[in-house]
There are 4 protein chains.
Amino acid sequence: MGNENAPLSLREKQRKERLELLLQVAEEVFVEKGYLDTSMDEIAARVGIGTATIYSHFASKEELMVAAILEQNFQKNTQRVVEICSDAEGNATNKLTRIFHFLVSSDFFRRRVEMLYILRGNAEAQRALLARQEKITTSVETFSQTLTALIEQGKATGELQTSTPTSAMVKAFIGLIRTQGITDTLISKYSASNDEILQVYLHGIATHEQ
Amino acid sequence: MGNENAPLSLREKQRKERLELLLQVAEEVFVEKGYLDTSMDEIAARVGIGTATIYSHFASKEELMVAAILEQNFQKNTQRVVEICSDAEGNATNKLTRIFHFLVSSDFFRRRVEMLYILRGNAEAQRALLARQEKITTSVETFSQTLTALIEQGKATGELQTSTPTSAMVKAFIGLIRTQGITDTLISKYSASNDEILQVYLHGIATHEQ
Amino acid sequence: MGNENAPLSLREKQRKERLELLLQVAEEVFVEKGYLDTSMDEIAARVGIGTATIYSHFASKEELMVAAILEQNFQKNTQRVVEICSDAEGNATNKLTRIFHFLVSSDFFRRRVEMLYILRGNAEAQRALLARQEKITTSVETFSQTLTALIEQGKATGELQTSTPTSAMVKAFIGLIRTQGITDTLISKYSASNDEILQVYLHGIATHEQ
Amino acid sequence: MGNENAPLSLREKQRKERLELLLQVAEEVFVEKGYLDTSMDEIAARVGIGTATIYSHFASKEELMVAAILEQNFQKNTQRVVEICSDAEGNATNKLTRIFHFLVSSDFFRRRVEMLYILRGNAEAQRALLARQEKITTSVETFSQTLTALIEQGKATGELQTSTPTSAMVKAFIGLIRTQGITDTLISKYSASNDEILQVYLHGIATHEQ
DNA sequence: GATGAATGAGGTTTCATTCAT
DNA sequence: CATGAATGAAACCTCATTCAT
């Protein structure tokens, strides 16, 4: 009966609810308008709070963005990945396929990469990232370990090659997802679907015995 | 006898040289400081021209960035890709490997993706992109056709699978390169090198007959 | 039997102690950081009370500063000046010297002058000054009368000139102390010590008979 | 025929005139409202220029204040002091009296001291002071040397004591003027005029032979 | 009575863009 | 044509003060 479950006072409850709403709205606006064209005033107005109130939750615009993009979704995404891996049915390839589709559709990585690009070279942003990093360490760890375990299972069952290091397979997998994010005229002309791209990857890590 | 080959007047020659210098410097600064922290004044100062002069070449900051990042290098990069493909020696896999290393090291795609992310959702930027698009159409075409041809050659010689569509192979290849650009704590922990990632891809498109 | 001497309730006692602590801390912070960079939140945090609580004691930041700088020390300083003057030993010159050193070292006038400069022209501050003025009237009176009496004693004993009005001597004396407060590059180059400056003053008010 | 006397282009002339107007207006507003209650917007509005234009002349509000208070008047004041000292008529005491009255009436030291108090402890302000310091070094030197020379002349003619160091006399003189600046209820009750205060000083540095 | 969260109002500063020279 | 100075517009952020609990 830890008191973290103790009933929050009305004030605290309202504050917590507003924080969640703030994060949700912030994410929406950042995604809709991009970092540059999003102003703190607009976020506050949409939430229905004073601009200054945001600063009682987050020290800077950068910190708000990091929180909105990272914290908002990472835990949920990680949880879903774990669920997929825990499924009794399906082999490694099948599970990787499901994870791939889920993560591409969740848009999480697109936002994450966008954030990383935008905040690159911004000293304050680096600090914000660090300040918030620990809050998602658990998710990062779980996410990584889950993927690693999945691939090693695939190797153990002979489904995946053992000649390619697991780390390379994981890294390539994440890269594969990240790449789906942004539209580029250079590649938009290629009609290939996400599925076809995934096939190249799966083929690349699979064993090819007769 | 088109007069586009007529000798340029001194004025015109100087103007053209300055334009090239401007593009070069702009790219440097954008890459060095990022879009946000780059000011038109600084670019002009580094080039040694007046700020207003930039606006006689480009309609906006966005247009300058598009030009600096896209036009500045695309032609050069395309040319090198064509050269590699024209080489008498080496099969498709070997050439893809060389192209991969060249493009990763040239940093072209990192900058391009960064630009796309940053300018996403910015209406003025979209207009700028369109306004400049036609200037690089030739390069885009050449680049695409060269890669497509290379992969189809590989298919013809039996080196690459025919079951995967060429367009998917090309798209995955470009995605592979784009993914190398940005460091992310999520994948930075995986020690896999670029080479190992490339192997996954090459393995994924190769035939696996005994 | 005024009930101002009645035993205070625990509540009232605590409140009074907190007020004293508040004034002390406020003075510290104002002196440490200056008026501009001192925030009510910081003062409250250092005292360990809620920000809003300050406003149950003082109507505004200005009023708090006036109280903290004026009331906090004036009584103590006045008391010490009275003590020095009451000393059986020493003539007027000697006592003025001791008072001078005490007041310079106590830093009271520096803070007072700083406050006056900073709050000058601030209507709210003038109101605060007036609102608090009466609280220190006694000290002001005592301070003034003590100095005046001391100098008139000096005149009576023939130690000080009678040709200079007492009021001028007092005014010059206070000005002398006030002047020691702030460092200015214009006069910092003059190596003269406080003592030497004092000598000019003492020489200026002394009789010079052979 | 240095080209610093070359006719300025119309643009340059206008800019210079506006700068002078800016400094003058800035001084007025700072003196009228105090540092805190003066906003850059108001200064700009009164001058009739855009707020941003101020920043093409001065890097910060602090730098503007330093320039407006220091540079605006120091040279003029110094020049007048030098003129008084160069006067063939009058001995040292007489000249000190005239300098005293001039400087008190010019209000220069009051503003200077106010500035020093306000900017104390403000890091940006210290930088601004340094950045501008060199611009007034000449005036500082001239001012100091002129006063020093005047007093040493007084000593040479036997008018002033030689037992008190010149530096102490100068320092006390400047302190004397600085003290006239701010009204304080503590001393405002003393009816003594500036003149009477000055007498104490002059008496303090004079020789007292029979 | 005490509080901490909320905020309105405003401040300084930046910068892409324009325009008179 | 090239320019540097001017600037409008807006952004982020701060903080004294209030008010519901």
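Convention: sequence-line order gives letters A, B, ...; per-chain numbering from 1.
If you check dT14(E), dC19(E), dC15(F) against the side chain of Ala52(B), the one that comes closest is dC19(E). You'll find that the side chain of Ser39(C) is closest to dC15(F), out of dA6(E), dT12(E), dC15(F). Listed nucleotides: dC13(F), dA2(F), dA2(E). Nearest to the side chain of Arg18(B): dA2(F).
Remark: dA16(F) base-pairs with dT7(E). Criterion, Watson-Crick or G-U wobble with two distances under 3.5 Å. Pairing for dT21(F) goes to dA2(E), judged as Watson-Crick or G-U wobble with the two contacts each under 3.5 Å.
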Give the intermediate values and the outcome of side-chain contact (heavy atoms from CB on, under 4.5 Å) for residues Val31(B) and Glu27(B). CA-CA 6 Å; Val31(B) 168; Glu27(B) 192 202 2; 4.3 Å; yes

Decide yes or no on side-chain contact (heavy atoms from CB on, under 4.5 Å) for Phe30(D) and Lys61(D), but give the supporting numbers first. CA-CA 11 Å; Phe30(D) 278 130; Lys61(D) 187 183 179 185; 4.3 Å; yes

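Side-chain atoms of Lys33(A) never come within 3.5 Å of backbone atoms of Ser39(A) as a donor-acceptor pair (strictly under, hydrogens ignored).
Toward the 5' end of DNA chain E, the nearer of the two residues Gln14(A) and Ala59(B), judged by each one's closest nucleotide, is Gln14(A). Where Met40(D) and Thr53(D) meet DNA chain E, the nucleotide closest to each residue was compared, and Met40(D) sits on the side nearer the 5' end. Of the two residues near DNA chain F, Ile49(B) and Leu36(A), the one whose nearest nucleotide lies more 5' is Ile49(B). Ranked by how close their nearest DNA chain F nucleotide is to the 5' end, Ser60(C) and Ile54(D) are led by Ile54(D).
Between Arg111(D) atom CZ and Met65(D) atom CE the span is 10.5 Å, to the nearest 0.5 Å. To the nearest 0.5 Å, atom CG of residue Leu19(B) and atom CZ of residue Arg15(B) are 7.5 Å apart.
Residue Ser56(D) is classed as a sugar-phosphate contact, given heavy-atom separations below 4.0 Å to backbone atoms only.
dT13(E) atom P lies 4 Å from atom OH of Tyr55(D), rounded to whole Å. Note: NZ (Lys16(B)) to C1' (dC1(F)) measures 19 Å, nearest angstrom. Rounded to an integer number of Å, the gap from CG of Asp41(D) to P of dT14(E) is 14 Å. Summarising the geometry, the separation between NZ on Lys61(B) and C1' on dT18(E) is reported as 17 Å, rounded to the nearest angstrom. If you take CG of Leu19(C) and C1' of dA2(E), they are 15 Å apart, rounded to a whole angstrom. Protein atom CG of Leu22(D) is 13 Å distant from nucleotide atom C1' of dA6(F), rounded to whole Å. Straight-line distance from the CD atom of Glu62(B) to the C1' atom of dT17(E): 12 Å, rounded to whole Å. Note: CD1 (Ile43(A)) to P (dC12(F)) measures 8 Å, nearest angstrom.
In this structure, Arg15(B) reaches the dA2(F) phosphate: one of its side-chain N or O atoms is under 4.0 Å from OP1 or OP2.
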